[in-house]
Peer 1: 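First the structure, which I've put down as structure tokens, then a few questions once you've had a look.
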Amino acid sequence: DAEWSTAVGLPTEPGATPKDKDKNGKNTADFPWGKEWPPKKQVGNYADESYHAKFPLRKNGKDADPWIDGYNDGYVTTSPVGVFPANAYGLYDMGGNVWQWCEDIYSGKSLRVMRGASFSTFDAFNLLSSGRSGDLPDRRSVNLGFRCVVVVGPLSP
């Protein structure tokens with residue numbers, strides 16, 4: 001979780017655990033693409049106009065499925081890695097596409113940390129760089145994944 005926060009460019013966060021950091025003193029200004037909400041250009045794969053066109057109704061058939069009104073990244077579900085701009089560290093897709101599993105415990109003894117949001121995420125709170133969620137490590141879904149990192153030299157911004 002701490003490594004992910006560094007990789008997305010967050011300053012040190014207050015709190016002893018990922019859940020503490022998520023709930024207390026959460027950074028509410030920084031998104032993976034900058035500080036503006038909603039995003040003004042194609043910056044990541046989130047619940048956009050394309051997503052809404054494909055999934056216009058929730059399962060109950062009554063309410064419109066949420067999306068970022070006016071944003072269109074062009075992908076209904078997952079996108080190829082690297083089609084959106086890299087961050088200052090040269091890392092792609094730190095926000096959107098799929099939630100990324102982290103090794104850390106979110107809460108209790110079994111919920112693991114997930115970061116970065118996904119193609120079905122639409123709300124500013126979860127799209128913040130400081131956004132976290134927790135889920136059981138055996139959970140499988142089309143909007144969950146992980147990041148493989150290979151260090152080939154010193155990291156610098």
Peer 1: Side chains of Met94 and Trp4: does their closest heavy-atom pair fall under 4.5 Å?
Peer 2: yes
Peer 1: Can a donor-acceptor pair be found, under 3.5 Å and without considering hydrogens, that links the side chain of Asp93 to the backbone of Gly95?
Peer 2: no
Peer 1: For a quick test of reading the model, state the closest non-hydrogen atom pair linking Ser50 to Asn72 and the distance between them.
Peer 2: OG-OD1, 2.7 Å
Peer 1: For a quick test of your reading: what N or O donor-acceptor pairs under 3.5 Å do the side chains of residues 105-112 make, sequence neighbours left out?
Peer 2:
| unit_1 | atom_1 | unit_2 | atom_2 | d |
| --- | --- | --- | --- | --- |
| Tyr106 | OH | Asp22 | OD2 | 2.9 |
| Arg112 | NH1 | Glu103 | O | 2.5 |

Peer 1: If only atom types and distance count, is the side chain of Asp73 paired as donor or acceptor with the main-chain N or O of Gln42 below 3.5 Å?
Peer 2: no
Peer 1: Spell out, as yes or no, whether a donor-acceptor pair under 3.5 Å connects the side chain of Trp33 to the backbone of Glu36.
Peer 2: yes
Peer 1: How far apart are the C-alpha atoms of Glu13 and Arg132, what are their side-chain angles, what is the distance that settles it, and do they pass the salt bridge (charged side-chain N to carboxylate O under 4.0 Å, His left out) test?
Peer 2: CA-CA 13 Å; Glu13 301 170 279; Arg132 294 170 173 84; 2.7 Å; yes
Peer 1: Tell me, do Val43 and Phe31 make a side-chain contact under 4.5 Å, heavy atoms counted?
Peer 2: no
Peer 1: How about Lys21: does its NZ atom have over 12 heavy atoms from other parts shown lying under 6.0 Å from it?
Peer 2: yes
Peer 1: If you group Ile, Leu, Val, Met, Phe, Trp and Tyr by side-chain heavy-atom gaps below 4.5 Å, do Trp99 and Trp101 land in one group?
Peer 2: yes
Peer 1: Using the side chain to side chain donor-acceptor pair (under 3.5 Å) criterion, which residues pair with Lys35? Sequence neighbours excluded.
Peer 2: Asp30
Peer 1: Would you say the side-chain atoms of Asn143 pair up with the backbone N or O of Phe119, donor to acceptor, closer than 3.5 Å?
Peer 2: no
Peer 1: Angle class for the Tyr75/Phe84 ring planes (parallel below 30°, perpendicular above 60°, tilted otherwise)?
Peer 2: perpendicular
Peer 1: If we only count heavy atoms from C-beta on, is the Gln100 to Leu144 side-chain gap below 4.5 Å?
Peer 2: no
Peer 1: Walk me through whether Trp37 and Phe125 qualify under ring pair (Phe, Tyr, Trp, His ring centres under 6.0 Å).
Peer 2: CA-CA 10 Å; Trp37 176 260; Phe125 185 79; over 10 Å; no
Peer 1: Could you check if a side-chain atom of Asn126 sits within less than 4.5 angstrom of a side-chain atom of Thr121, using non-hydrogen atoms only?
Peer 2: yes
Peer 1: Taking the side chain as every heavy atom from C-beta outward, state whether Thr77 and Phe55 have any atom pair closer than 4.5 Å.
Peer 2: yes
Peer 1: So among Ser133, Ser5, Ser130, which one has a side-chain hydrogen bond (donor to acceptor under 3.5 Å, both in side chains) with Arg115?
Peer 2: Ser5
Peer 1: Atom CG of Asp69 and atom CG of Asp48: how far apart are they, to the nearest 0.5 Å?
Peer 2: 11.0 Å
Peer 1: Among Ser118, Ser120, Ser79, Pro80, find the residue that satisfies the side chain to side chain contact (heavy atoms under 4.5 Å, CB included) test when tested with Asn45.
Peer 2: Ser79
Peer 1: Taking the side chain as everything from C-beta on, heavy atoms only, tell me whether Val142 gets closer than 4.5 Å to Thr78.
Peer 2: no
Peer 1: At their closest point, which heavy atom of Phe122 faces which heavy atom of Ala47, and how far apart are they?
Peer 2: CB-CB, 3.9 Å
Peer 1: Please check if Val8 and Val98 belong to a single hydrophobic cluster, counting links between Ile, Leu, Val, Met, Phe, Trp and Tyr side chain heavy atoms closer than 4.5 Å.
Peer 2: no
Peer 1: Applying salt bridge (charged side-chain N to carboxylate O under 4.0 Å, His left out), can you list everything that pairs with Asp123, at least two apart in sequence or on another chain?
Peer 2: none
